[in-house]
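A short write-up of the structure that comes next.
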Amino acid sequence: MIVEGMAKAGRKTKDLTKRLQPGDIAVIAHADLDEVAAQALAEAKVKAVLNGLSSISGRYPNLGPSHLLEQAIPLIDMEREDLVDVLDGKRLRIDTETGNVVDAQSKEELGRGVVQTADVVNAKMTEARNNLHSEVDQFIDNTLEYARREKGFVLGEVIIPHLRTDFAHRDVVVVVRGQNYKEDLRTIVSYVEEVNPVLVGVDGGADALLDMGFRPHLIVGDMDSVSDAALRCGAELLVHAYSDGRAPGMARLESLGLEGKTISAPGTSEDIALLVAYERGAELIVAVGTHSNIIDFLEKGRSGMASTFLVRLKIGSILIDAKGLSRIYKGRPGQRYVLQIAVAAIAPLMLIALMSPIMRQFLRLLTLQLKLSLGL
């Protein structure tokens, strides 16, 4: 099959997806394409994806390629990282069976890649699963080493600035741009509407809240994957800075004329969001899209999960996953359902009343009285 479209290229897939339009061809340089990035590409409705790096290197079983195939989006590994520099803005014609890429205007052949078919992906996934043992072994060693260095993260060494957002004795929902985060957020919409928890968006998680019609109270993160609209929505802004105090995210806020505060800490922004909610007295913390297993962290390119392990160890029982909450929280019936029940109960009573001879006679008299009053 031949597909044709405008190529848009970028070295950071999460930034590229903001520029993509339906029908575009995405050109990326993303080794071990993760599922979240693949979901974003699919939601952009691209016609095809060209990857300048290996979509599955074999280090671990990443799920991005499988997701694109499930969405019937051709994925072709070109093994040429410089493609993102030379193809942006070109109109391409791609043979999705041979992997041949041609400039649609000049007819120049630009290269031939390896089409990631189901058979190819399954074979690579099998290899990756076989290699996972050694990868996990190294990951655990790194986690323990980092935990020893970062234990101050949960022992009170991290200084949390004063925030106007009040967490005390309230439920808190922390939304992270992670696996199935949008679907998980949808499952707890009724909970959010009825309980009115504090809403915290971690970078792109703030956009997910806005898409669902909710305004975040606090946005935490590097500020590199959140939209300008989200940053301007009125939420309090907390920039994740490096341990040495450098905070590149502040430059973006300043360019938008926005104010924010910084927090210097190791680990991930989602760990900081959870820790802030806990230290400020949250009663319950509901996690949406957070990273909690080794595959999640390998997909994020992290060699350990020390801060995540330590934070969850400290927070303990007040942390619950959105999937679990949706199963145990049924909520109160809304006004629409109460009205439906009332109508269902009244309807048969009205029907019985209309069948009564006395009621029919009463209605005739009432109709006659109205006609006389109106002079009809």
Out of curiosity, Leu33 CG to Ile56 CD1, how far, rounded to the nearest 0.5 Å?
9.0 Å
Kindly indicate whether the side chain of Leu87, heavy atoms from C-beta on, has any atom under 4.5 Å from the side chain of Leu50.
yes
Kindly say whether Ser227 contributes a backbone atom to a donor-acceptor pair with the side chain of Asp207 at under 3.5 angstrom?
yes
Contact between Ile2 and Ile94 at the side-chain level, heavy atoms closer than 4.5 Å - yes or no?
no
Would a single hydrophobic cluster contain both Leu75 and Val120, if residues Ile, Leu, Val, Met, Phe, Trp and Tyr are joined by side-chain heavy-atom contacts under 4.5 Å?
no
Taking all atoms of both residues into account, what is the closest heavy-atom pair of Pro197 and Val173, and its distance?
CG-CG2, 3.7 Å
Polar side-chain atom of Asp203 near backbone of Asp222 as donor-acceptor pair, under 3.5 Å:
yes
To the nearest 0.5 Å, what is the distance between OG1 (Thr117) and CG (Asn122)?
8.5 Å
Got a donor-acceptor contact below 3.5 angstrom from the Asp24 side chain to the Lys8 backbone?
no
OG1 of Thr262 to NE2 of His240: how many Å apart, nearest 0.5 Å?
10.5 Å
Can you find a pair of side-chain heavy atoms, one from Tyr60 and one from Arg129, that are under 4.5 Å apart?
no
Does the side chain of Arg11 reach to within under 4.5 Å of the side chain of His30, using non-hydrogen atoms?
no
Which heavy-atom pair separates Leu275 from Ile315 by the least distance, and what is that distance?
N-CD1, 4.5 Å
Would you confirm whether Asp34, through its side chain, and Ala37, through its main-chain N or O, come within 3.5 Å as a donor-acceptor pair?
yes
With the 4.5 Å side-chain cut-off for hydrophobic clustering, are Val84 and Ile76 part of the same group?
yes
Is there a donor-acceptor pair closer than 3.5 Å between any side-chain N or O of Asp32 and the backbone N or O of Ser57?
yes
Thinking salt bridges, do Glu279 and Lys314 make one under a 4.0 Å N-O criterion?
yes
Look at the side chain of Lys45 and the backbone N and O of Ala42, then say whether any donor-acceptor pair between them is shorter than 3.5 Å.
no
Applying side-chain contact (heavy atoms from CB on, under 4.5 Å) to Asp171 and Tyr191, what does each step give before you reach the verdict?
CA-CA 10 Å; Asp171 288 11; Tyr191 163 79; 2.7 Å; yes
Qualifying salt bridge (Lys or Arg N to Asp or Glu O under 4.0 Å) pairs, either residue in residues 225-246, two or more places apart
Asp228-Arg252, Asp244-Arg246
Please examine the side chains of Leu274 and Arg312, heavy atoms only from C-beta on, and report whether any two atoms are closer than 4.5 Å.
yes
Write out all pairs satisfying salt bridge (Lys or Arg N to Asp or Glu O under 4.0 Å) with one or both partners inside residues 172-184, taking only residues at least two apart or from two chains.
Glu43-Lys182, Asp184-Lys323
How long is the straight-line distance from CD of Glu193 back to CE of Met212, given to the nearest 0.5 Å?
8.5 Å
If I take atom CD1 from residue Ile25 and atom NZ from residue Lys47, how far apart are they, to the nearest 0.5 angstrom?
7.0 Å
Is there a side-chain contact between Val176 and Val288 (heavy atoms, below 4.5 Å)?
no
Can you confirm whether the side chains of His217 and Thr165 place a donor and an acceptor under 3.5 Å from each other?
no
Donor-acceptor contact below 3.5 Å, side chain Thr96 vs main chain Met1
yes
Between Val189 and Leu199, is there a shared hydrophobic cluster once you connect ILVMFWY residues whose side-chain heavy atoms come closer than 4.5 Å?
yes
Sequence neighbours excluded, every pair satisfying salt bridge (Lys or Arg N to Asp or Glu O under 4.0 Å) that has a member inside residues 88-102
Glu4-Arg91, Glu4-Arg93, Arg19-Asp88, Lys90-Asp103
Checking side-chain contact (heavy atoms from CB on, under 4.5 Å) for the pair Leu69/Gln71: CA distance, chi angles, key distance, verdict?
CA-CA 5 Å; Leu69 293 186; Gln71 301 300 314; over 6 Å; no
Quick check against the 3.5 Å criterion: does Lys261 have a side-chain atom that pairs as donor or acceptor with the backbone of His162?
yes
Rounded distance [0.5 Å steps], CG in Leu41 versus CG in Leu16
7.0 Å
Is the closest side-chain heavy-atom distance between Ile263 and Ile159 below 4.5 Å?
no
Checking Asn62 side chain against Ser55 main chain: does a donor-acceptor pair fall under 3.5 Å?
yes
Check whether any side-chain heavy atom of Ile285 sits under 4.5 Å from a side-chain heavy atom of Val174, and report yes or no.
yes
Heavy-atom closest pair, residues Ala7 and Leu92:
CB-CD1, 3.6 Å
Considering non-hydrogen atoms only, spot the tightest contact between Pro216 and Ala235 and give its length.
O-CB, 3.1 Å
All heavy atoms of Gly260 vs all of Leu253, minimum pair found to be CA-CD1, 4.0 Å
Closest heavy-atom contact between Glu81 and Ala29?
CG-CB, 4.0 Å
Please determine if Asp224 and Lys14 form a salt bridge, counting it only when a charged side-chain N lies under 4.0 Å from a carboxylate O.
yes
Are Leu284 and Val172 close enough, and set up right, to give a side-chain contact (heavy atoms from CB on, under 4.5 Å), and what steps lead you there?
CA-CA 6 Å; Leu284 179 73; Val172 179; over 6 Å; no
Verify the neighbour count for atom CD of Glu259: are there more than 12 heavy atoms of other residues, nucleotides or ligands below 6.0 Å?
no
Would you find a donor on one side and an acceptor on the other, under 3.5 Å apart, between the side chain of Glu283 and the backbone of Gly281?
no
